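These figures come from a predicted structure and were not determined experimentally. Side chains included, hydrogens not; waters and symmetry mates left out as well; all remaining heavy atoms used.
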Amino acid sequence: MTTELAVLIWGCVLALVHIFAAATAKTAQYGSKWNMSARDAELPPPNPLNGRLVRAQNNFFETFPIVIALILTLSATGTANGTTATGALLWLGARVIYLPLYALGIPVVRTLIFLVSVIGIAMLVSPLIGPALAALF
């Protein structure tokens with residue numbers, strides 16, 4: 001298994017961590033009765049931790065599909081290399097750090113860590129740009 005595919009698997013685990021962290025915070029605020037209901041009732045605004053975990057989850061799911069597509073394309077085309085492996089690890093490491101930073105409400109560092117994850121994505125896409133352009137023209 002390549003590093004990139006291993007990162008994809010761990011990205012799925014991290015997705016579950018995001019889902020359960022946000023669900024746990026929502027249940028803590030709104031109660032288990034709400035959690036087991038149809039959730040039709042209007043809810044009060046989320047408390048700060050609940051809101052931050054939901055926003056962190058949303059942010060994760062904005063970039064994860066891109067990473068999935070890139071890693072699967074790298075795998076299918078055989079274009080994975082040392083740069084893409086490093087980029088995948090950089091993305092995953094940054095995303096692991098991002099969640100607790102966001103949950104704790106740490107502002108500037110959280111944004112810088114997000115930018116590190118974007119650099120990881122750029123490293124994943126870099127060897128695919130040339131072939132993708134060539135395929136179009």
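Within a 6.0 Å sphere centred on CZ of Phe20, other residues, nucleotides and ligands contribute 12 heavy atoms or fewer.
Taking CG of Leu104 as the start and CG of Leu99 as the end, the distance is 9.0 Å to the nearest 0.5 Å. Atom OH of Tyr30 is separated from atom CZ of Arg39 by 11.5 Å, given to the nearest 0.5 angstrom. To the nearest 0.5 angstrom, Leu124 atom CG is 5.5 Å from Ile71 atom CD1. With rounding to the nearest 0.5 angstrom, the CD1 atom of Ile106 is 12.0 Å from the CG atom of Leu112. Rounding to the nearest 0.5 angstrom, the gap separating the OG1 atom in Thr73 from the CD1 atom in Ile68 is 11.5 Å. Atom CD1 in Ile121 sits 5.0 Å away from atom OG1 in Thr63 (nearest 0.5 Å).
At distances below 3.5 Å, not a single donor-acceptor pair connects side-chain atoms of Thr27 with backbone N or O atoms of Thr24. For Gln29 (side chain) and Asn50 (main-chain N/O), no donor-acceptor pair under 3.5 Å exists by modelled atom type.
Looking only at side-chain heavy atoms (C-beta outward), Pro131 and Thr77 stay at 4.5 Å or farther from each other. Using a 4.5 Å heavy-atom cutoff, the side chains of Leu74 and Pro127 are in contact.
The two residues Phe60 and Gly11 come nearest to each other via the heavy atoms CZ-O, 3.5 Å. Annotation for Gly51 and Pro46: closest pair N-CB, 3.8 Å, computed over non-hydrogen atoms. Closest approach of Gln57 and His18 over heavy atoms only: CA-CD2, 3.6 Å.
Hydrophobic clustering, with ILVMFWY side chains joined whenever heavy atoms are under 4.5 angstrom apart, keeps Phe64 apart from Leu115. Hydrophobic clustering places Leu8 together with Val17 (ILVMFWY residues linked when any side-chain heavy atoms are closer than 4.5 Å, directly or through intermediates). If you chain together hydrophobic residues whose side chains sit under 4.5 Å apart, Leu90 and Trp10 never meet in one group. Following chains of ILVMFWY side-chain contacts shorter than 4.5 Å, one cannot reach Leu128 starting from Ile119, and the two form parts of different hydrophobic clusters. When the side chains of ILVMFWY residues are joined at heavy-atom separations under 4.5 Å, either directly or via intervening members, Val96 and Val109 end up in two distinct hydrophobic clusters.
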(message) Test side chain to side chain contact (heavy atoms under 4.5 Å, CB included) on Met123 and Leu70; report intermediate values, then the result.
(response) CA-CA 10 Å; Met123 292 169 74; Leu70 290 171; over 6 Å; no

(request) Evaluate the side chain to side chain contact (heavy atoms under 4.5 Å, CB included) criterion for residues Leu16 and Val13: first the C-alpha distance (whole Å), next the side-chain angles of each, then the deciding distance (0.1 Å), finally the verdict. (result) CA-CA 5 Å; Leu16 290 172; Val13 171; 5.7 Å; no

(request) Tell me, with the steps shown, if Leu49 and Leu53 meet side chain to side chain contact (heavy atoms under 4.5 Å, CB included). (result) CA-CA 6 Å; Leu49 177 61; Leu53 287 171; 3.9 Å; yes

(request) In sequence, state the C-alpha distance, the side-chain angles, and the governing distance for Lys26 and Trp34, and then conclude on side chain to side chain contact (heavy atoms under 4.5 Å, CB included). (result) CA-CA 9 Å; Lys26 285 179 184 177; Trp34 164 83; 3.8 Å; yes

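When ring centroids are compared, Tyr98 and Trp91 stay outside the 6.0 Å threshold.
Both the sub-6.0 Å distance and the 45° axial angle are satisfied by Arg110 relative to the ring of Tyr102.
The stretch residues 81-90 participates, sequence neighbours left out, in these side-chain hydrogen bond (donor to acceptor under 3.5 Å, both in side chains) pairs: Glu4-Thr84.
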